[in-house]
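Step one of this worksheet: look at the structure below.
The chain is numbered in sequence order, starting from 1. Keep in mind that what you see is a predicted model, and the values were worked out from it rather than measured.
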Amino acid sequence: MKPGQEALEELLVLPDAEIERIVRALGDGGLLRFAGDWPAWSHAGQEEPGGDWRVWVMLAGRGFGKTRAGAEWVGQFAREHPGAAIALVAATADEARRVMIEGPSGLLAAARAGERSRMRWEPSLRRLRFASGAEAFVYSGAHPDALRGPQHHIAWCDELAKWEKPEESWTNLQLGLRCGERPRALVTTTPRPLKALVAILGEEGVVRTGGSTGKNPHLPGAFVSAMERQHRGTRLGRQELDGELIEDLEGALFSRELLAASRCLPPARELGGAVVIGVDPPASAGGTCGIVACGMGRDGIACVLGDDSEGGLSPEGWARKVAAAAERHGATKVVAEANNGGAMVEAVLKGAGLAVRLKLVHASEGKVARAAPVSALFESGKAKLAGRFPALEDELAGLRWAGDYQGPGRSPDRADAMVWAMTELMLGPARAEPRVRLL
């Protein structure tokens, strides 16, 4: 145990009156120095590993202290490297600001005595200037192109398991991590069964630390006890409290094994059956529009042909994307969810030059309930994946029979679009379209 930690533990077991006397004796200056003594406050799993590592992944439960550890690591690097360029990447730019910079464990809160007044956060530029002159720049895991070009000395990636486009964002970040003698990245995240995270852990030069929620001695004991009573032994508890990386969710509608077994070669250009584009329009500006093409083969098996989903587009932008996908795949129909403004959805799609039949559908059940029959199609071999679709597959693997979603992003937009298309191809027309028999 480090000397600072020994002193802290000895202090915490003293009677309240004695602690108060010692605190008063320290005075303001002593308290500031004590509060800024990170080695004394840190616990196992938060400390920077030794050795010549390239990526440090801190997988830990909620409340472990990942954010504070990240802020301390970045802050110390900024003190020692006045001209450094640092990347701060979160699920969204807003989360980077609220958690990594302005949060109670963020960079501003972790600043040493005298540094805070000389630090400058410029939200319009998404830039934080440290007292030393080093600069940190904010990026979003939903917009990987912003990471294409900038160069950095180090990077702090927070909650990578929540990033909307983790693989592309991580790749672009790594390509720009080339300044200084030892470019490095720290990933602080609660684990989720995300392909990108598993791949990072398997790379060379990666070290892993972390631990459970209960390992943080500074959390209220009542909170830790309550969380353990509610979630101990469950898969959610193992992931969110113990910090375990569980690659396949318990009760997943689409297990990783099922998805792998359902993979087939892309079909010939002439499918011999209908091709449907499923569309899940974004519920808010800047959200992801799910756009997935599915086609029926001559053998009666439906295949996922393509995933053209994209976020951050205007209504006109995603409508053009749908029209282009329909033309490229030779679609016979577009099925679009109309819960969030059916008239608008129809108007923008027709305005984008959509030349095939449009069918608007309304969701009366939850996403998981709608996906269950489609999962059965994959189980029976009547539906397959014609290739690899990492982002779509991560979302499918996050859908659980229990009725919740634990995949990347806030909503399984790609998965929902695929479900609409598959339902129309395999389940919808036969039961929804009336037939007339001539006598």
Quiz prompt | Pairing of Glu393 and Arg263 as salt bridge, 4.0 angstrom limit | solution = yes
Self-check item: Sub-4.5 Å side-chain heavy-atom contact between Arg410 and Tyr405
Solution: no
Quiz prompt | Lys195 and Asp394 ion-paired at < 4.0 Å | solution = no
Quiz item: Between Lys333 and Lys359, is any pair of side-chain heavy atoms under 4.5 Å apart?
Solution: yes
Quiz item: Any side-chain heavy-atom pair from Lys367 and Asp280 closer than 4.5 angstrom?
Solution: yes
Quiz item: Got a sec, which residues hit side chain to side chain contact (heavy atoms under 4.5 Å, CB included) with Arg116, two or more places apart in sequence or on another chain?
Solution: Leu108, Ala111
Self-check item: Those residues that, when tested against Phe130, pass ring pair (Phe, Tyr, Trp, His ring centres under 6.0 Å) (two or more places apart)
Solution: none
Donor-acceptor list for residues 140-149 side chains, cut-off 3.5 Å, not counting sequence neighbours:
residue: Ser140; atom: OG; partner: Ala91; partner atom: O; Å: 3.1
residue: Ser140; atom: OG; partner: Ala142; partner atom: N; Å: 3.0

Quiz item: When you check the gap from the basic side-chain N to the acidic O, do Glu203 and Arg54 get nearer than 4.0 Å?
Solution: yes
Self-check item: Heavy-atom donor-acceptor pair, Lys384 side chain to Leu259 backbone, under 3.5 Å
Solution: no
Quiz item: Taking side chain as C-beta onward, heavy atoms only, is Leu107 less than 4.5 Å from Leu88?
Solution: yes
Self-check item: Parallel, tilted or perpendicular: ring planes of His153 versus Phe77, cut at 30 and 60 degrees
Solution: tilted
Quiz item: Knowing that exactly one of Leu427, Val304, Val292, Val276 qualifies, which makes a side-chain contact (heavy atoms from CB on, under 4.5 Å) with Met422?
Solution: Val304
Practice problem: Measure up the Trp73 and Trp56 rings against each other and bin them: parallel (under 30°), tilted (30 to 60°), perpendicular (over 60°). | Solution: perpendicular
Practice problem: Please list, chain by chain and in numerical order, all residues satisfying side chain to side chain contact (heavy atoms under 4.5 Å, CB included) with Ala293, sequence neighbours excluded. | Solution: Ile277, Leu305, His329
Quiz item: For Gln76, what residues pass the side chain to side chain contact (heavy atoms under 4.5 Å, CB included) criterion, not counting sequence neighbours?
Solution: Arg79, Glu80
Quiz prompt | Donor-acceptor pair, side chain of Glu395 and main chain of Ala415, under 3.5 angstrom | solution = yes
Practice problem: For the pair Glu316 and Arg320, find out whether any cationic side-chain nitrogen is under 4.0 Å from an anionic carboxylate oxygen. | Solution: no
Quiz item: Do other residues, nucleotides or ligands put more than 12 heavy atoms under 6.0 Å from the CZ atom of Arg127?
Solution: yes
Self-check item: Atom of Leu385, atom of Phe389 and distance for their closest heavy-atom approach
Solution: CD2-CD1, 4.2 Å
Quiz prompt | Pair listing, side chain to side chain donor-acceptor pair (under 3.5 Å) test, anchored in residues 163-173, at least two apart | solution = Glu164-Thr288
